[in-house]
Amino acid sequence: MAPPLNFLFLQCEDIGRHLGCYGDSYASTPNIDKLAAEGCVYTNAFTHSPVCAPSRGGMVTGRYPWTLGNHLMRCTLQRPPRLFTHELVDAGYHVSWPTKLDFNFEPTDGWCTDTDYWWEAPPPEEPFFLYRNFHLTHESRMFQPSPAGHEREFPCPGEARHDPDEAPVPPYLPDIPELRNQLATYYDALSAIDAEIGQCLQWLEDSGQKENTVVILLSDHGRGLPREKRWCYDAGLHVPLIVRWPGLVEAGSFNNELVAWVDIAPTILSLAGVPQPGYYQGQVFMGDNKAPEREAVFAGRDRMDAVFDKQRVVRERQFHYIRNDAWWLPWAQEQWYMEQQPVMPVMRSLFAEGGLAGDEAIFFQPHKPVEELYDAQADPDMLHNLADDPAHSDTLLRLRSTLETFLADKGDLGETDERVLIEHGIVTDRIEEMKRGTRVTDRTQTHFIGPRPVPVTLEEARAFQESPQPHT
């Protein structure tokens, strides 16, 4: 009888698919690339939220955050659910989780065995699940990019450092020195966490457990740049997923099936031979109990700290549909945390002075369209909205219906005013705390709790948007 599988779960913060194994020639990630060469690279893996706590909270519970109640960034569930690690612990696994939680709730007792730095100790005697978070790529590390201090801030080999002049600038952002420096900082941070990941993989090899351990490497959402983190475009939701399982996952393989972050919990329990709760909303994406391939994945965003917005998303392999339920709000609301990025004040100044045009100016438009539809294969930067293109009307109607059916089946607490969630004991009251702890404009303050009364159907919303009424 084969021994129980071990798991090494490596989670990066705020990174997209900017890795050598995903074809990024500017990146220097030899350890991650070696892991990919020994395992499988998933090319269509998606989180359900473009920000950390709802993304992580859904991942560890196997449930979409807007059905559970932890969909609002910086809310706190009053009745925390069980994590998949509860099931592992109950089944006899040694679960070590020494770094970041951030689920919009605190786990209940019994969710882990310890929070020790496992990579500094011998492996547990029991079958194990070992977690580590890699924080150097977090958005906050980009607030004060200082190339002169990178050797200290992001320790990695000198040849792995990045020249800002060579940085690839996405077309929806302006090519300015502040952005190039921020991009070089991000890639230097990637090199630094690659070195840390290499140390963890070496620890596993030295432990003698490599052949019996499934290694999973992923990110919580896209990188911390405007129109990436916090937004439901490809750059915010489409993230890396690499799995190494010696002897059972083909080395150097690629898998283009759709995988959702709510699939992580049921898949790990399935591989471990541990029964999964019946209320999970994800499905098993590998192993003997693999479910049929997904036709679509789903995502959304809600309040980010003190800034209200609401989007819901359905994504197929080719097409990406966004429904903007708060279409009267701009993309570029002043979210205090994001405003600390060096690029933000420069971008705002450029736009105010007429210095942004074309794709670079989209982010600063006064309001969003009611619906967005993109051909993600032809237009991965998602700059050409096809929602009003008659040639794609059938696709628009299909994805609109798919999303409506999904939300009707799963439920959507994003439709409920936050004050009602508080009154019903679903989340604690953090409204005044959020307001006091942020710098918000009058416009943002107006929309802190939820949307103003507007027509509720898409047809009415489109008509309302196209009318001569001012969008305030």
Side-chain angles (χ1 to χ4, degrees), residues 5 7-12 15-17 39-68 70-71 81-88 103 129 131 214-222 232 234 236-245 248-249 253-300 312-317 320 376 402-403 405-407 409-411:
L5 280 176
F7 296 88
L8 195 64
F9 198 91
L10 309 175
Q11 183 158 34
C12 307
I15 76 166
R17 296 173 302 141
C40 180
V41 173
Y42 284 79
T43 59
N44 276 316
F46 292 84
T47 178
H48 45 263
S49 175
V51 73
C52 52
S55 174
R56 292 167 181 264
M59 182 189 72
V60 297
T61 61
R63 299 169 68 182
Y64 294 99
W66 53 85
T67 69
L68 187 59
N70 58 331
H71 55 294
R82 285 171 65 88
L83 281 57
F84 72 83
T85 57
H86 280 97
E87 316 302 332
L88 291 175
F103 306 140
F129 177 94
Y131 175 92
V214 179
V215 179
I216 300 174
L217 183 143
L218 45 66
S219 175
D220 49 1
H221 50 73
C232 290
D234 198 76
L237 300 171
H238 198 172
V239 282
L241 173 62
I242 301 169
V243 179
R244 186 182 73 187
W245 185 3
L248 289 165
V249 167
S253 61
F254 290 83
N255 186 306
N256 67 355
E257 295 183 9
L258 291 164
V259 177
W261 263 207
V262 291
D263 298 341
I264 299 296
T267 299
I268 289 174
L269 294 185
S270 175
L271 297 181
V274 176
Q276 61 177 282
Y279 51 76
Y280 276 6
Q281 295 170 323
Q283 64 183 45
V284 177
F285 67 85
M286 64 182 301
D288 293 340
N289 299 317
K290 181 180 180 298
E293 180 182 355
R294 282 179 168 276
E295 295 183 0
V297 295
F298 301 88
R312 293 294 180 261
V313 177
V314 57
R315 169 65 178 264
E316 299 175 336
R317 284 197 197 180
H320 189 107
T402 297
L403 181 62
T405 300
F406 168 79
L407 293 175
D409 177 54
K410 304 298 187 213

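Note that the numbering runs from 1 along the sequence shown for the chain. The figures here come from the full heavy-atom set of this structure, side chains too, leaving out hydrogens, waters and symmetry mates.
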Reported [atom1]-to-[atom2] distance for the pair [X] and [Y], which is rounded to 0.5 angstrom:
X      : Y      : atom1 : atom2 : result
Leu218 : Met59  : CG    : CE    : 6.0 Å
Tyr131 : Ile216 : OH    : CD1   : 12.0 Å
Leu241 : Thr43  : CG    : OG1   : 10.0 Å

Checking [X] now: which residues fulfil ring-ring contact (aromatic ring centres under 6.0 Å, His included) with it, not counting sequence neighbours?
X      : result
Phe406 : Tyr64, Phe298
Tyr42  : Phe285
His238 : Phe46

Would a 4.5 Å heavy-atom cut-off, applied to side chains only, mark [X] and [Y] as touching?
X      : Y      : value
Ile268 : Leu88  : yes
Val60  : Thr85  : no
Leu217 : Arg244 : no
Ile242 : Cys40  : no
Val284 : Gln276 : yes
Leu407 : Arg312 : yes
Phe7   : Trp245 : no
Lys410 : Arg63  : no

(request) May I have the step-by-step check of side-chain hydrogen bond (donor to acceptor under 3.5 Å, both in side chains) for Ser270 and Asn289, ending in yes or no? (result) CA-CA 7 Å; Ser270 175; Asn289 299 317; 3.0 Å; yes

Show the nearest heavy-atom pair for residues [X] and [Y], with the distance to one decimal.
X      : Y      : result
Gly39  : Val249 : C-CG1, 4.0 Å
Arg317 : Leu258 : N-CD1, 4.0 Å
Val313 : Leu403 : O-CD1, 3.9 Å
Arg82  : Thr61  : O-CG2, 3.9 Å
Leu237 : Pro50  : CD2-N, 3.7 Å
Glu87  : Val274 : O-CG1, 3.8 Å

Is the backbone N or O of [Y] less than 3.5 Å from a side-chain atom of [X], with the two atoms forming a donor-acceptor pair by type?
X      : Y      : answer
Trp261 : Ser219 : yes
His320 : Cys232 : yes
Asn70  : Phe103 : yes

(request) Output, in order, the C-alpha distance, side-chain angles, deciding distance and verdict of side-chain contact (heavy atoms from CB on, under 4.5 Å) for Glu293 and Val259. (result) CA-CA 9 Å; Glu293 180 182 355; Val259 177; over 6 Å; no

(request) Evaluate salt bridge (Lys or Arg N to Asp or Glu O under 4.0 Å) for Glu295 paired with Arg315, printing each intermediate quantity in order. (result) CA-CA 9 Å; Glu295 295 183 0; Arg315 169 65 178 264; over 6 Å; no

(request) Could you tell me which residues satisfy salt bridge (Lys or Arg N to Asp or Glu O under 4.0 Å) with Arg294, sequence neighbours excluded, listed by chain and number? (result)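 Applying salt bridge (Lys or Arg N to Asp or Glu O under 4.0 Å) to Arg294 gives Asp263.
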
(message) Could you walk me through whether Leu271 and Thr267 satisfy the side-chain contact (heavy atoms from CB on, under 4.5 Å) test, starting with their C-alpha distance in whole Å, then the side-chain angles of each, then the deciding distance to 0.1 Å, before giving a yes or no?
(response) CA-CA 6 Å; Leu271 297 181; Thr267 299; 4.2 Å; yes

(request) Go through the steps for Val243 and Val214 under the test side-chain contact (heavy atoms from CB on, under 4.5 Å), then give the verdict. (result) CA-CA 7 Å; Val243 179; Val214 179; 4.0 Å; yes

(message) My understanding is that only residues two or more places apart in sequence, or in another chain, count here; which of them pass side chain to side chain contact (heavy atoms under 4.5 Å, CB included) with Ser49?
(response)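 In terms of side chain to side chain contact (heavy atoms under 4.5 Å, CB included), with neighbours along the sequence ignored, Ser49 is linked to Val51, Pro54, Ser55.
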
(request) May I have the step-by-step check of side-chain hydrogen bond (donor to acceptor under 3.5 Å, both in side chains) for Thr67 and Gln281, ending in yes or no? (result) CA-CA 10 Å; Thr67 69; Gln281 295 170 323; 3.2 Å; yes

(request) Output every pair passing salt bridge (Lys or Arg N to Asp or Glu O under 4.0 Å) with a member in residues 275-286, not counting sequence neighbours, ordered by first then second residue. (result)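 Not a single pair qualifies under salt bridge (Lys or Arg N to Asp or Glu O under 4.0 Å).
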
